[in-house]
Every structure is written in structure tokens, then in C-alpha cells.
Q: 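My structure is below; once you've seen it, I'll send some questions.
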Amino acid sequence: MTSATPSSERRVSARIGAISESATLAVDAKAKALKAAGRPVIGFGAGEPDFPTPDYIVEAAVEACRDPKFHRYTPAGGLPELKKAIAEKTRRDSGYEVEASQVLVTNGGKQAIYNAFAAILDPGDEVIVPAPYWTTYPESIKLAGGVPVEVVADETTGYRVSVEQLEAARTERTKVVLFVSPSNPTGAVYSEEDTRAIGEWAAEHGLWVMTDEIYEHLVYGDAKFTSLPVVVPALRDKCIVVNGVAKTYAMTGWRVGWVIGPQDVIKAATNLQSHATSNVSNVAQVAAIAAVSGDLDAVAEMRKAFDRRRQLMVKMLNDIEGVYCPTPEGAFYAYPSVKGLLGKEIRGKRPQSSVELAALILDEAEVAVVPGEAFGTPGYLRLSYALGDEDLVEGVSRIQKLLGEAKA
């Protein structure tokens, strides 16, 4: 007599099986595969600067390769000299005074986010997540045992949530509120006044705040970056800051991020990392020292190019009937609403969702974009303008031509 196969014998654990792959990386991989197959695909999917890493950073890494001391294990929490440099960089760039002992160096921003949530969440703890959100946030929360609670903002508020919305989402299980400015995917930037209001609300209710500052240097026009723990010092003991070198210094492939927080949380997150990955590549860490210790001249040049592309992309998208794109104030993404096109006929098809519309754009125009479903808000598309000017114009022109054929 045989018995039924118990659920414990499933091949993939329920915890990991419930996690979705990164939608942005999936779109980017598909675009690159099509391009490798000979199709002239233009990809707006990945949030990756098209500039090379500045030479002085690369040279620091070359020298590190030659130094035998970097051929060995180093402290799991990061090179002491990099942790010190990150603390000094944080003081210089945002005015936030922290010690090197409050810094954990991680394998990119994603590990920083997971380590931070894993260090403070217990099973069932709720995290308020403003949407549209970067795809990794809710998955990291779930992996850490928490429950993401979405609070949705749309184009009518510039994709910024209010204190009233956050309060409506707060329950007795709420432990953390996520705060991201500038935002991926929308480019929204919160004013100092709004940042302070959200921070004071969190402090009043004894909540933790995790704030992602990785786009701190990519703000445009009159917008200004505001570091939440600087304007609300009362949050210092319950605030975790994540950041990294990827976006500011065009170092996405170097995989160096960091967590800044209270010493007990950083110690716990470091213990986790000591078992998960141990130290970040020493060569990459030395490159990061050069990056965070150097001047911001290269960053300023990249920001000028992003600003030009930002304005051009928004204008071209808003020229399409049925599309509305607010002007992003930071990061390097446009997040247009395409709700006015859903259900309309385009080359014999009637896309009913932004997923279907994105698939149609890839098939018919050979342009890769990410649908809003990936960011918790159907009816939108995300396009990165961190690519060359010629590709940007060609790609959006193809989208204009295709969507211009839409009819009722």
C-alpha cells in the first residue's frame, strides 16, 4: 500500500517558490537575448547607467588586484577603511553623522535591503510599502518573514504618498515604513517638508523606517534630496539607511552596497552576512573606497546627461495620445500612465493590461519596457533613460509610431 506524497517532499520550498524573479532583470535579459539573436531591440528595462566607471576608480581596483593582502578573506562586515570612508561620505553628502561601527558593507543594494529587513522583522510583522515600488522590496520583506502592506500613490500626486494614507495603513502589526526618495520606478522626490512630516509621524508611533538613498545625487531642476534621519533626529535609533555605489558612480556590476543603522542591528545583520556570503570582493571594496572618497565631478557630468534625456523622453511620451507622463524629479526613470490606451486596437490586438501592452511593444516595435504590474500598479510602464541619446530617441520614436496607430 502506498501513501500520498507529503507536501514536505516538494522540490522547491514554499518560501522560495513564492518569490517572483526580478521583473526588471527579466525584461533586460529578454531584450539582450533578442539582440544577440540579431533583432534590433532597444531596452529601456534595466536601471543601469550607460557610462563607464570613472577611470580613477578602475585604477584603484587594478592596484588592489596586485596587492596580496586583498587575495585573502577580510572582515565579513567590510574593510575597516571602506566603512570609515562611507561614514565620512555620508556626513559630507547628507549631513548624517554616523560611526564606522554603524556601517555594514554588502554585495550590492539588494543584499543591503534583505539584510536590513532580516535583522529587524519577526514573522508577521508588517511593513508599509508605498507603491509604485521597486520590485525587490516586497520580495525581501517576505523572505525575511514580514508582510508588505501597499499604499498606492498615482500620477495625480506625483506618485507621492501622504501621511494620511500611511496612517490609514497602520495596524498593531506595523513595525516598519519604507521611505524612498528619489524613487525607483517613478522618479518622485519628496520635499523636505513632506519628508519631515513622514518621519515625525513614524517617530510618533514608534515605527522603524528603512530609507533607500541610492539615488541621492540624481535629482534635477528645483528638487532637492533630503535625508530623513537628518531632518528627524528623533528617528536615529530606529532608522536604517541603505545605499551603494551602483547608480551614482556607474558601478552596477561591482556589487557594493551598504547598510547604516543602530549598532545592535548592524551587528545582527553582519552576523547574518558572515554565514550567507562573508566579505564582499576586496577588489570591489577598494574601488568603492576610491569612489566614495573622490570628488563628484564625474557624477555631475552624468547627471547633466540624465537631465537632458529626462526632459526629451517625457516630452516624446506626452506627445502620444492616451499617454500621460509626469516629469520625474530624480533617479533615471519615466513612469507614464498608459491607461488611456488599454482596450484600444493596435495592429489587430486589444491589450487589456500594461503587461499585454509591454509585450505588444516588444513584439511589434522591438522595444523593451517594464509593465507597471511589476511595481504594484497596473496601467503604467517604466522606461529607464540611462541609455544613449540615439537609442533613446529611436526607441521612443518606435513606441510613438506603434501607439499612434491605436483606435477605439
Side-chain angles (χ1 to χ4, degrees), residues 16 22 25 48-49 51-93 96-120 136 140 143-144 210 212-214 240-296 298-299:
I16 300 303
S22 166
L25 293 183
E48 183 170 47
F51 302 100
T53 302
D55 289 344
Y56 69 94
I57 298 173
V58 175
E59 287 306 311
V62 171
E63 289 302 310
C65 285
R66 298 192 177 104
D67 189 338
K69 74 179 181 181
F70 295 123
H71 301 174
R72 306 287 183 260
Y73 292 129
T74 54
L79 294 173
E81 53 267 50
L82 175 55
K83 294 171 68 170
K84 181 173 183 290
I86 289 169
E88 291 173 351
K89 165 253 177 295
T90 303
R91 185 181 310 113
R92 176 196 71 192
D93 292 351
Y96 190 31
E97 299 271 353
V98 298
E99 302 296 328
S101 58
Q102 293 177 257
V103 178
L104 164 63
V105 181
T106 61
N107 290 278
K110 289 183 177 180
Q111 188 178 32
I113 290 163
Y114 172 71
N115 283 357
F117 280 132
I120 62 173
T136 292
S140 291
L143 274 173
M210 196 182 80
D212 188 340
E213 297 187 349
I214 201 160
I240 296 173
V241 178
V242 297
N243 205 330
V245 297
K247 315 298 183 178
T248 298
Y249 305 99
M251 294 177 68
T252 53
W254 296 79
R255 310 313 303 141
V256 181
W258 57 83
V259 186
I260 295 172
Q263 291 189 6
D264 57 340
V265 171
I266 295 303
K267 178 66 166 65
T270 302
N271 289 346
L272 168 62
Q273 184 162 299
S274 73
H275 294 291
T277 59
S278 193
N279 64 279
V280 175
S281 162
N282 294 319
V283 171
Q285 288 194 74
V286 173
I289 293 171
V292 301
S293 302
D295 61 43
L296 295 169
V299 180

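Worth saying up front: this structure is predicted, and the values here are computed from it rather than measured.
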Q: For a quick test of reading the model, state the closest non-hydrogen atom pair linking Pro54 to Tyr249 and the distance between them.
A: CD-O, 3.3 Å
Q: Identify the two heavy atoms, one from Ala288 and one from Val256, that lie closest to each other, and give their separation to 0.1 Å.
A: CB-CG1, 3.8 Å
Q: Rounded at 0.5 Å granularity, tell me how far CD in Glu99 sits from NZ in Lys83.
A: 11.5 Å
Q: Please check this pair: side chain of His71 against backbone of Cys65, looking for a donor-acceptor N/O pair closer than 3.5 Å.
A: yes
Q: How close do Ser278 and Asn107 get, counting heavy atoms only, and between which atoms?
A: O-ND2, 4.4 Å
Q: Quick one: pull up CD1 in Ile113 and CG in Leu143 and give me the separation to the nearest 0.5 Å.
A: 12.5 Å
Q: When you measure from the side chain of Gln285 to the backbone N and O of Val280, does any donor-acceptor pair fall under 3.5 Å?
A: yes
Q: At what distance, to the nearest 0.5 angstrom, does CD of Gln111 lie from OG1 of Thr136?
A: 12.5 Å
Q: Say you draw a straight line from CD of Glu81 to CD1 of Ile86; how long is it, rounded to the nearest 0.5 Å?
A: 11.0 Å
Q: Applying side-chain contact (heavy atoms from CB on, under 4.5 Å), run through Asn243 and Ile260 and close with a yes or a no.
A: CA-CA 8 Å; Asn243 205 330; Ile260 295 172; over 6 Å; no
Q: Quick one: closest heavy-atom pair of Ala87 and Ala100, and the distance?
A: CB-N, 4.1 Å
Q: Could you pull out the closest heavy-atom pair between Ala64 and Val283, with the gap in Å?
A: CB-CA, 4.3 Å
Q: Which value, rounded to the nearest 0.5 Å, describes the distance between Thr248 atom OG1 and Lys89 atom NZ?
A: 6.5 Å
Q: With rounding to the nearest 0.5 Å, note down the distance linking OG1 in Thr106 to CG in Leu272.
A: 11.0 Å
Q: Thr53: which residues meet the side-chain contact (heavy atoms from CB on, under 4.5 Å) condition with it, sequence neighbours left out?
A: Ile57, Val58, Met251, Trp254
Q: Using a strict 4.0 Å threshold on nitrogen-to-oxygen distance, state whether Glu88 and Arg91 make a salt bridge.
A: no
Q: Is the shortest side-chain heavy-atom distance between Leu296 and Arg92 below 4.5 Å?
A: yes
Q: Around atom CG of Asp264, are there more than 12 heavy atoms of other residues, nucleotides or ligands at under 6.0 Å?
A: yes
Q: Using atom types as modelled and distance alone, determine if a side-chain donor or acceptor of Asn279 lies under 3.5 Å from a backbone N or O of Leu79.
A: no
Q: Taking side-chain contact (heavy atoms from CB on, under 4.5 Å) as the criterion, tell me which of Val241, Val245, Ile266 meets it with Trp258.
A: Val245
Q: Main chain of Ala112, side chain of Gln273: is a donor-acceptor contact present, judged purely on distance under 3.5 Å?
A: no
